[in-house]
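Below: one structure, written as structure tokens.
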Amino acid sequence: MLVLGIESSCDETAAAIVEDGRRVVAEEVASQIAIHAGFGGVVPEIAARAHVVHVLPVIDAVLKRAAIGLSQVDAIAVTCGPGLIGALLVGVQTAKAIAFGCGLPLIGVNHLEGHLCAVFLDVEKVPSFPHLALLVSGGHSEIVVAHDFGKYELLGATRDDAAGEAFDKVGKLLGLGYPAGPLVDKLARTGDRAAVKLPQAMRGRGLDFSFSGIKTAVATHVQKHGVPTEQALSDLCASFQAQVVAQLVSKTMLALDEKKFGGLVVSGGVACNRGLRQALQTETERRGVDLFIPSPERCTDNAAMIACAGYYRLRRGERAPVDLKAAPGLSLTS
Amino acid sequence: MSVPDRRGERLCVRSDSDESTRRLGGALGEVLRAGDVVGLEGDLGAGKTCFAQGVARGLGVPEERRVGSPTYTIVNVHTGRHTLYHVDLYRLRDVQELEEIGFSEMLESDGVAVVEWFERVPEAKPLERLEIQFAIVDATTRQLQTRTFGKRGQTLLTEWSKKMGAK
């Protein structure tokens, strides 16, 4: 079964063709990061406008790459939330029009479920259910139990900033541009993580995260000492990243030690962070738990993961109504 | 929390911790009425979201409801005594973008709007409002300075000061 996935919830306009939920036949992404860089952040209106420009060419390109026509597609899956309303609407309306015009079944997919499914694409070894998942991106930091496709339980979430948001905001404080996560990660490699003393936030409070205290500590450090350069900049990045990683890893391990899981899945843009990957590798190896992290391009927003999640929803007999709506505040458990 | 120092329609308060900033927000949340608009301004890490978390509790948004940063989502909606629209304009640039997120509908609704980074789109500010400027004094201390606009802004400040005094 061939599913066409469409994703437009934030920065990327993407389309993919996925076979049986597991094999990516073709995918295309038009990224807006270059457009946004000039503004120091995601600008929603621009995002919506650019999605309108990109969505049809991206779908055309993916069909061409897969060497098929719409008549060979079996269903359409589209991200319907959470995300920016204007951006989501572009994907949802396009998907509805194509589904209606071609008489194809339509499925609305939760973007976060997409991230959880990315780990099933193009691999032999997949996690078994139930497994634990750490979702870390610009808008999300959540610890989730995946009981089955479509059945999720939220164990913890951020009480303030998301992990990726903290990276972006700290990057902005340090004059590193947007998105700053990869650059902070790179600078951190040559920095001394013990150089700057930052607070260890959220030691208690169950499995919830908090990153705003660390961000604020960097802000007050910069206010006091100015924006650092060269080695001092690397040291500050290393110290900041070490605190964020320590919190993500310690809470995730707390959840992992609670009961037996069929592996740990880590997904979302921050899953590309090398410091986080290394720390998780060490901790899961020590516990004899399998770690599943999608490839970097599948950690960030993409349409293949949406097609995958859509496929499993279709198999359960789900169909979206013809008036499927974009749901900016959609949660994983709703 | 130091004693409020009232000068006309301006009020200057110091907070010595997150907890105290949240309590100040809580006192404001208790006196907010449908249609009220509060603008929160100040640098990254100055305590705006922390204050908004307090406002949510003061408005009766249940403890178990997480009141996170709206930077990525632009708007978070919480249900308490009144609907709370927690808005963050950090990533917006102009009025047209505000219209796209339904900002005027929020202001005209029966809810309460707490808006971070209002200075990004000053032309969208309504005539009647309370503004709070947050400044970082040191690692834990924050200074909150208010400005009132219109009659409701003044009343709101008076009621909030009373609540603060009572605590």
Side-chain angles (χ1 to χ4, degrees), chain A residues 9-10 36 39-49 81-87 89 137-142 154 156-162 164-166 168-173 178 197-199 201 208-224 328-329 331, chain B residues 17-19 21-22 42-54 56-57 63-79 85-103 105 116-117 120-121 134-142:
Chain A
S9 65
C10 189
H36 292 149
F39 298 103
V42 181
V43 183
E45 216 277 324
I46 286 195
R49 208 183 303 155
L84 306 169
I85 181 73
L89 273 173
S137 66
H140 294 275
S141 301
E142 281 154 8
L154 185 67
T158 182
R159 298 203 173 194
D160 37 61
D161 296 355
E165 178 180 355
D168 279 346
K169 285 183 172 173
V170 160
K172 185 139 185 167
L173 283 168
Y178 170 87
K197 215 172 137 43
L198 298 171
D208 278 351
F209 299 112
S210 167
F211 299 106
S212 109
I214 308 172
K215 168 197 74 187
T216 301
V218 174
T220 44
H221 181 86
V222 167
Q223 198 189 36
K224 213 163 158 185
S331 89
Chain B
S17 66
D18 286 4
E19 226 11 83
T21 302
R22 241 173 246 123
D43 291 335
L44 286 175
K48 300 181 295 297
T49 299
C50 181
F51 184 86
Q53 289 171 339
R57 299 305 168 225
E63 276 300 326
E64 59 273 17
R65 168 83 186 177
R66 290 184 184 86
V67 179
S69 161
T71 304
Y72 269 74
T73 44
I74 315 284
V75 189
N76 289 341
V77 184
H78 306 286
T79 311
Y85 296 98
H86 184 192
V87 189
D88 188 330
L89 306 184
Y90 185 61
R91 304 193 292 137
L92 298 199
R93 286 172 315 146
D94 57 39
V95 179
Q96 200 199 330
E97 288 169 0
L98 264 187
E99 282 312 307
E100 293 221 349
I101 63 163
F103 189 66
E105 284 85 347
E116 300 190 29
W117 296 97
R120 293 265 157 148
V121 196
F134 291 75
I136 301 176
V137 178
D138 61 38
T140 52
T141 314
R142 299 292 181 268

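So you know, we letter chains A, B, ... as the sequences are listed, proteins then strands, and number each from 1. Source: prediction; values computed, not measured.
Only the backbone of D138(B) comes within less than 4.5 Å of a heavy atom in chain A; its side chain stays farther off. Heavy atoms of K169(A) lying under 4.5 Å from chain B belong to its backbone as well as its side chain. Proximity to chain B (any heavy atom under 4.5 Å) is shown, for A162(A), by neither the backbone nor the side chain. For R142(B), the part lying under 4.5 angstrom from a heavy atom of chain A is the side chain only.
How far CG of D43(B) is from CG of L173(A): 8.5 Å, rounded to the nearest 0.5 Å. The structure places OG1 of T216(A) at 7.5 Å from CG of D18(B), a figure rounded to the nearest 0.5 Å.
When all heavy atoms of Q53(B) and R159(A) are compared, the closest pair comes out as NE2-O, 2.9 Å.
Of the residues considered (A219(A), A157(A), G164(A)), A157(A) shows the highest number of contacts with chain B, using heavy-atom pairs under 4.5 Å.
Partner R66(B) forms a side chain to side chain contact (heavy atoms under 4.5 Å, CB included) with one of D160(A), T158(A), D208(A) and no other, that one being D208(A).
With E165(A) contributing its side chain and S69(B) its backbone, the two residues share no donor-acceptor pair below 3.5 Å.
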